[in-house]
Structure formats: C-alpha cells, structure tokens
**Student:** 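Structure in structure tokens, see below.
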2 protein chains.
Amino acid sequence: MSGSGQMAESTSGDQKQASVSGGKKSGDKGLDAIYQSVSDAIIEHRLKPGARLREDALADVFGVSRTGIRKVLQRLALEQLVTLTPRRGASVTRPSVDEAKDVFEARLLVECALMEAAAKRITEADVEDLRNMASQEQKALRNREQQTAIKLSAAFHARLAELSGNRTLAGFVSQLCSRSSLILAVYGHSGHLGCESHDHENLIDLLATGEGVRAGEFMARHLKSIESSLSIFEEPEETPDLRDIFALND
Amino acid sequence: MSGSGQMAESTSGDQKQASVSGGKKSGDKGLDAIYQSVSDAIIEHRLKPGARLREDALADVFGVSRTGIRKVLQRLALEQLVTLTPRRGASVTRPSVDEAKDVFEARLLVECALMEAAAKRITEADVEDLRNMASQEQKALRNREQQTAIKLSAAFHARLAELSGNRTLAGFVSQLCSRSSLILAVYGHSGHLGCESHDHENLIDLLATGEGVRAGEFMARHLKSIESSLSIFEEPEETPDLRDIFALND
DNA sequence: CGCAGACATAACGTATACAATAACCGACAG
DNA sequence: CTGTCGGTTATTGTATACGTTATGTCTGCG
C-alpha cells in the first residue's frame, strides 16, 4: 500500500462536476493517501521511533513535491506521531516515559468512561463489525504478523470509541491509540504484544449484552495490563537532556 | 491586530514579528506568533464564526507569504477552529449542534476527572496564579470586555487542566476550551457570558484545600450551567442540510 | 599526531510563480 | 422578462527555486 495510491492526473476528459451532492470532503487529492501510508507505516513499526523522515526522500517516493510532504508531516506532528525539529527535519517520535504515562492515563480515563455510552448505542451491525476486527487481529497474531496486529488493535480501540457517538472524544482516542502503538514499539517487549489475550472478545460480549459499567471496568483492567506489560525505564539517551545534566540555563 | 507580542517559547530565542522579506535573523519562524494572533482573534470573537480567512489577505496583514499562512491555517483546522473547504478557502468554524454537545460532554468527562489530580498537585504558586487569572477575568467582566473575558475564561480552564500534570490531557482540554469559545459565540446569548458568577473563585478554594472530589463535582455543575445557558437550537441555515431535508442518499 | 577552523554539501524554511477550479457576471435566446 | 450558457476573475493547490543553516570532512598548524 505504500508508494502507489495516488490518482493519476491524466486528463480524464469528461470529469464534470457530479459533486454537487456527492463526495463528502474528497478535496484532498492524494495527500490523505500519503498521510495514511506514512501513518500506517509508523503504527506498524515499519518506521521505527527515531527514524528520520527526509522531505526529499518522501517526496521522491510518493511522487509529489515537498510542499505536500510538508503538509503531511505537519499533520503527523500535530498528532504527535512525528517530531519536527526546527532545522533538522522530521523523525518518528520517540515517546518519553512521561508521555507514555500520560497517554495511558488519558486512555484509562476516556476509554473506560466511553464504554457506558457505547453499550447503550451499540447495534447488531456494530457487534458484527467488532467481532470481525477482533478475529482479524487474532489471525494476525497467530501468523506472527505483529505489525498488522498492532495496527488492528489500535483500530479496534478507536472503533470502540466511535460507538459512543462523540466524535470529538473518538478522535482523541484514535490519536491516543496511535501514540500507544509508538509506546509499544519503544517500551514493549519484542514478541509480546499488549492485547494478546482474548480481552477484545470479552469486551465485545459485555457491550453486546449492554453491561456498560462492567465493560468500563474490564477496559480499565485491559489497559492497565497493557501498561504494566511495558518496561518503562529511563532512557539513557535523550537529546535534550544535556541542559538538564549540566544545569546550563537556556 | 498585527504585531501583538506573545509569550516566547523557551526553545530558542524570541522573535518579535515577521519581518519583511529579506533577512530573518531569528531563524526560528515567527509563524507561532501569527498562529497565536489568529487564534486569539477567533477566541475573542473578533473573527466571528463563518468569517472567511483569505490566504492573500492574511499574508498581506502579517507580512509573510501564503506558505506560512497555509501552515497556520492548517494547524487551526486540525484544532477545529477553522474549517478548510477544498476549493473555497478557510473560514472560522461554525460549530454544529452535535459538535457543541460533544465538546461539552468531553469537557464534562475530562475536566472533572482532572480536578482530583489537580487538587493533589497544586502548589501555592499555582493558587496565586489562578487567583490572579480569576481576578483579571472578573475585572474584564465588570468592564464589559466580553471578548477579553471569554479568552481569560478559556485560559483559566486550560490552566486548571495543566495542574493535573498530564500534558496530553491538558492539551486536549485546551482545545476543547477554544472550541467552547466558538460555541459561545454561536449559541450564547449576547451580554450573558458563561462563567459569569464566581464559580472560578470557588473552584480555586476547593482545590487549595485539597478537596479534589468536591472540586470535580463543582466543575460538573459549572460546566452544566454553562451548557444549559446556551440556546442550542437547530440552525435553519446549514449548507449540507439539504440532503437531510430532501432525504437524498449520498 | 591531534585539534581547530573553514569549506563544501545537503537538507530545511520561505517565497514566488504557475495552473486549475469554482464563483460571479453578462449576454443571448426563448 | 426569464433562464441558461459562456466568459472572466478571483482564490486556492501545487511545484519549483532560492536562501539559510547545520553537519561532516578536509586541511593546516601547533
């Protein structure tokens, strides 16, 4: 999915405006696709934390100019997936220990609270969809496709949050899940994914039976178990530590 | 509105304003200052919802080229303060009824929960600072400077969230407060500001005495009273409503 | 032989130029 | 008089070019 995925701007001729009542916001031509590709690559750990993302290289790969790449990079930076250093370019964010703690604290607070609303609003189709996602995730895990599993797990949690009907909070959770994927990459043990057990299936069961409170409690345990499975140690190598170490004023 | 000095980031130096084309010795871009100016103007309702933000006009006003303006606009768009319509440019977001509901629901969930952590971590200096902010807000209200009061109110809530120590959630609350300011502009009664009473002072008292739970409950009442003071009615004029009205499938 | 300073290179930041598209207005026909 | 079609204009989207800065290397001097 990387590389291709941009519509060719060949003269389509009779592309009249049938968009009076058609597309939602399909204005972004190929930039959204590029964003998705890069985002997926980061979430799937194909781009590891600390990897440098040169604008020229990305522009070359995706066949657009640096202008578009900069837009994508900026969006990723606002979502905290990449870090933009003033004169040094972009790199995949390496979450700090504090960031990791904050992210999981936020998830604990928001995702659990959202379960009650989700339980009230969930439909049969939603349950079907969620079971499908969970099954795909399990399959990926069995096939040792950790990258895919991580992405699917994040998508599952994001989908869950969407059920609440609150788009604002759902978007926030989606961001948190993406960042969690980065945290997994840095502080997680290789070969030991967070959502390894059948927690997601259990979660679906609770929601399907309308047990919102129980689902929230279960989600709390689920997230705590993920967090505790991480080995959050202070990293010896942190670039801006120098000032701290030597107590130099800025 | 041009040339309003903002707080300088601690990262590297300070930049007064965007200088004319030529040597920018500051190196670091002054785009953050432009962002702050536009953001403040929106939050203070000097730019009202629906107002169009032409790139050329902004570029001319701030003395930079459209490139920088686009970056600022995009950031504002990701924070939902401006809406970017594909070929029509940027305009100040006019929050829908659903958005307003979502935002206040999110604030209710997050801000209240954060009060407990804030009560545990608050320091004397924080209390001093908060009282100062609340006093400024009251002064602005007495002087009928609604614009300033609205901005200060949003800043107060954002500052409160910062006390929790969770930067991720604090940033989220800050966004929600900015959006709330927009909601106030659309659905609030003129001459009747949300945080009119002395709720903020009471909130500080509760936090200063370590009553986190009480503070959370008070915050809940506070936010609900703001929300209920709004007149959230269905807007008769919503561009995409046509599909809804005529039940045209997409 | 080691360090320091300068130069070259490469990557980012900004501006400008070009192209595409949608809105607006005028003209013409029914 | 009205509706529709075509042209014009204005504004955004994209690309490219240029300037700035940081980094790495090379050379000269101690």
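Just so we're on the same page: letters track the sequence lines, and every chain starts at 1.
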**Student:** Round to the nearest Å and state the distance from A/Arg70 atom CZ to D/dG13 atom C1'.
**Tutor:** 16 Å
**Student:** Less than 3.5 Å between a donor and an acceptor, one on the side chain of B/Arg87 and one on the base of C/dT21, is that the case here?
**Tutor:** no
**Student:** How many whole angstroms separate atom CD of B/Glu55 from atom P of D/dT12?
**Tutor:** 5 Å
**Student:** Would you call B/Asp126 and B/Arg159 a salt bridge, taking side-chain N to carboxylate O under 4.0 Å as the test?
**Tutor:** yes
**Student:** Roughly, in whole Å, what's the span from CZ in B/Phe62 to C1' in C/dA15?
**Tutor:** 18 Å
**Student:** Could you tell me whether a side-chain N or O of B/Ser153 sits under 3.5 Å from a main-chain N or O of B/Ala149, the two making a donor and an acceptor?
**Tutor:** no
**Student:** Can you check the B/Leu73 CG to D/dT12 C1' distance for me, whole Å?
**Tutor:** 11 Å
**Student:** State plainly whether the residues A/Arg107 and A/Asp102 are in salt-bridge range, i.e. N to O under 4.0 Å.
**Tutor:** no
**Student:** Could you give the CZ-to-P distance, from B/Arg88 to C/dC24, as a whole number of Å?
**Tutor:** 8 Å
**Student:** Hey, is the main chain of A/Cys177 close enough, under 3.5 Å, to the side chain of A/Ser181 for a donor-acceptor pair?
**Tutor:** no
**Student:** Figure out the CD1/C1' separation between B/Ile69 and D/dT12, and round it to whole Å.
**Tutor:** 14 Å
**Student:** Nearest of D/dT16, D/dT12, C/dA11 to any side-chain atom of A/Arg54?
**Tutor:** C/dA11
**Student:** So A/Arg66, base contact, sugar-phosphate only, or nothing? Heavy-atom distance under 4.0 Å.
**Tutor:** base
**Student:** It should be established whether A/Lys71 places a side-chain nitrogen or oxygen under 4.0 Å from OP1 or OP2 of nucleotide D/dT14.
**Tutor:** yes
**Student:** Measure the distance from CG on A/Leu84 to P on C/dA11 and round it to the nearest whole Å.
**Tutor:** 16 Å
**Student:** So, is A/Thr67 near the phosphate of D/dT14, with a side-chain N or O under 4.0 Å from OP1 or OP2?
**Tutor:** no
**Student:** Grab the CD-C1' distance between B/Gln74 and D/dT14 for me, whole Å please.
**Tutor:** 13 Å
